[in-house]
2 protein chains.
Amino acid sequence: MKVPKYYLVKREIQRLIADLPVGAVLPTERELAEQLETSRTTVRKAISELVVNGRLERTQGRGTFVARPKLMQLRPLTSFSQDLAAEGWRPGSKMLEIDVIEADEELARHLQLTPGAPVHRVTRLRTQEEEPIALEIAHLPGPLPGLAEEMAARGSLYRTLAEAYLIDLDAVEDTVETTLADPETANLLGIEVGLPLLLVHRTAWDAGGRPVEWTRSLFRGDRFRFVARHRLRDTEHPASAGATRP
Amino acid sequence: MKVPKYYLVKREIQRLIADLPVGAVLPTERELAEQLETSRTTVRKAISELVVNGRLERTQGRGTFVARPKLMQLRPLTSFSQDLAAEGWRPGSKMLEIDVIEADEELARHLQLTPGAPVHRVTRLRTQEEEPIALEIAHLPGPLPGLAEEMAARGSLYRTLAEAYLIDLDAVEDTVETTLADPETANLLGIEVGLPLLLVHRTAWDAGGRPVEWTRSLFRGDRFRFVARHRLRDTEHPASAGATRP
DNA sequence: GGCCCGGATTGGTCTATGCCAATGTGCAAT
DNA sequence: ATTGCACATTGGCATAGACCAATCCGGGCC
């Protein structure tokens, strides 16, 4: 199989940083190009993949550094802060905006509303050791008077829903897919444009089966792992699935 | 916010292909560079992001084409073939290799074995309308005499485990994260090196709590969405999570 | 000491260009 | 009609070089 040169350079750099401690600075791109007998363009392509992989971080004007390897796990049936706290992380949250918008087509569908209905929107930046790791936009239907104040008093969205509005969640569904950081998101998360992100949509229902939350979250793809665990009942046992061939 | 030129070019091309049918061919990179008054390098960078997004596909010597948008959903508690069949897709599977290997450190940990213990390895290429969409490597502990023949007779791994070896799954855990296609995987999946993939690890246990499967799957990140749905019991209710602030 | 400014350093973007590799086409030979 | 080969086309890889923007550092100034 033909392996392009930038990929060999990538492995070379990987070997180079294997022995370096976290935070160590790499040679400059110009130096690496000379040492590895290639062009700066090729070095940059190799480094870019390592940045996407989460192995390196770079800042204009400063340099390229060995990134702290840290993989945080998220469980669908728990809350963001609960998840991270359980793993010994120190989660934080920065409120960006609370406002009321009119539901568009998609939003109305997920929350079982008619388009144009008012929906509360809560935009937050989730942080970890002061470092942004996720952008979260929650949509909540129905009247929630004083939401901003109640949220400010409690911090946690779920706690606010339960205590201030007596809304208890009964079921949640998460979908996980990948996307790329656009300039705005990259700016908020402090990462490069084009880095892969985990795009998570969460819908939550109350005991009556009414949707009470539809949230869109963007996580750094190189920092998170999503975990789902299930017990199987016989009726949905995998072994009962049809044969693989059509 | 400063937006680089290749990002503007990306939007321009996005506008261009919005009106084109699936499979339509784009102008060549050299033509686009001229029309948009930029260099071919910049055009390529823009196109590359659209390829990563799943909007475009390109083949050396042929051209760049509008990709078929198709997002398939995967549910953790069902099998691969069951998932896709339920959505009206026509899943297939191509056996690449069945062999027995010695468990390394990681594998032994997941299957609760001692390193060096023999483990069956089943490597398959999952397909969809003859198109490869996932690379799946299953690891199965314990003696499974005649595994290759039993698999060949049934097609489905889970069905084989249940019918031929009386192994019934009781619980599964999936983890989902992102990674990049290395040259080997890209070759097997017929995609470009460096495309983001969904890396899914599945562990399955039998009723006795013994691990019976540890599988590593690589899905095209632009084609799949992972779905997890849960009912909440009070003891693990999100509202009981700690406050957001540390 | 503290502040400000200018220059050096480093990554970020863009251009222009050359060659390679895969593909498709059309003509010629059989 | 089929095969085979040369050639044009198109994307893939790599280079060299220029300029921009963020950062850092040190000297000079208050």
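Bear in mind the structure is a predicted one, so any value in this text is a computation, not a measurement.
Whole-Å rounding puts the Leu26(B) CG to dT9(D) C1' distance at 16 Å. Taking atom CZ on Arg44(B) and atom C1' on dT10(D), their separation rounds to 10 Å, with Å as the unit.
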Please output the side-chain donor-acceptor pairs of residues 6-25 of chain A that fall under 3.5 Å, not counting sequence neighbours, one pair per line with the distance.
from	atom 1	to	atom 2	distance (Å)
Lys10(A)	NZ	Glu49(A)	OE1	2.9
Glu12(A)	OE2	Arg15(A)	NH2	2.8

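Under the rule for a ring pair (Phe, Tyr, Trp, His ring centres under 6.0 Å), His120(B) has no partner lying at least two apart in sequence or in another chain. Asp99(B) pairs by the salt bridge (charged side-chain N to carboxylate O under 4.0 Å, His left out) definition with Arg121(B), not counting sequence neighbours. Every side-chain contact (heavy atoms from CB on, under 4.5 Å) that Arg58(B) has, sequence neighbours left out, goes to Glu29(B), Arg44(B), Ile47(B), Ser48(B), Val51(B), Thr64(B), Glu192(B). Checked against side chain to side chain donor-acceptor pair (under 3.5 Å), Thr185(A) has the following partners two or more places apart in sequence or in another chain: Asp182(A). By the side chain to side chain donor-acceptor pair (under 3.5 Å) test, Thr203(B) is found to be paired with no residue, residues two or more places apart in sequence or in another chain being considered.
Residue pairs meeting the salt bridge (Lys or Arg N to Asp or Glu O under 4.0 Å) criterion with at least one member in residues 100-109 of chain A, sequence neighbours excluded, do not occur.
The stretch residues 4-14 of chain B touches DNA chain C through Pro4(B), Lys5(B), Tyr6(B), each having a heavy atom under 4.0 angstrom from the strand. Residues of residues 30-41 of chain A that place a heavy atom closer than 4.0 Å to DNA chain C, in numerical order, are Arg30(A), Arg40(A). Sorted by residue number, the members of residues 45-66 of chain A with any non-hydrogen atom under 4.0 Å from DNA chain D read Gln60(A), Gly61(A), Arg62(A). For the segment residues 16-23 of chain B, the set of residues with a heavy atom within less than 4.0 Å of an atom of DNA chain D is empty.
For the atom pair CD1 of Ile137(A) and OG1 of Thr215(A), the computed distance is 9.5 Å after rounding to the nearest 0.5 Å.
Looking at Pro196(B) and Thr178(B), their side chains never come closer than 4.5 Å, going by heavy atoms from C-beta outward. Within the 4.5 Å cutoff, side-chain heavy atoms of Leu140(B) are placed close to those of Leu157(B).
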With salt bridge (charged side-chain N to carboxylate O under 4.0 Å, His left out) as the test, would you mind laying out the steps for Glu57(B) and Arg223(B) before giving the verdict? CA-CA 13 Å; Glu57(B) 284 178 348; Arg223(B) 289 287 187 273; 3.2 Å; yes
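Bounding nucleotides for the chain B contact on DNA chain C, 5' to 3', at a heavy-atom distance below 4.0 Å, are dT13(C) to dG24(C).
Residues Ser39(B) and Ala33(B) share a closest heavy-atom pair of C-CB, 3.7 Å.
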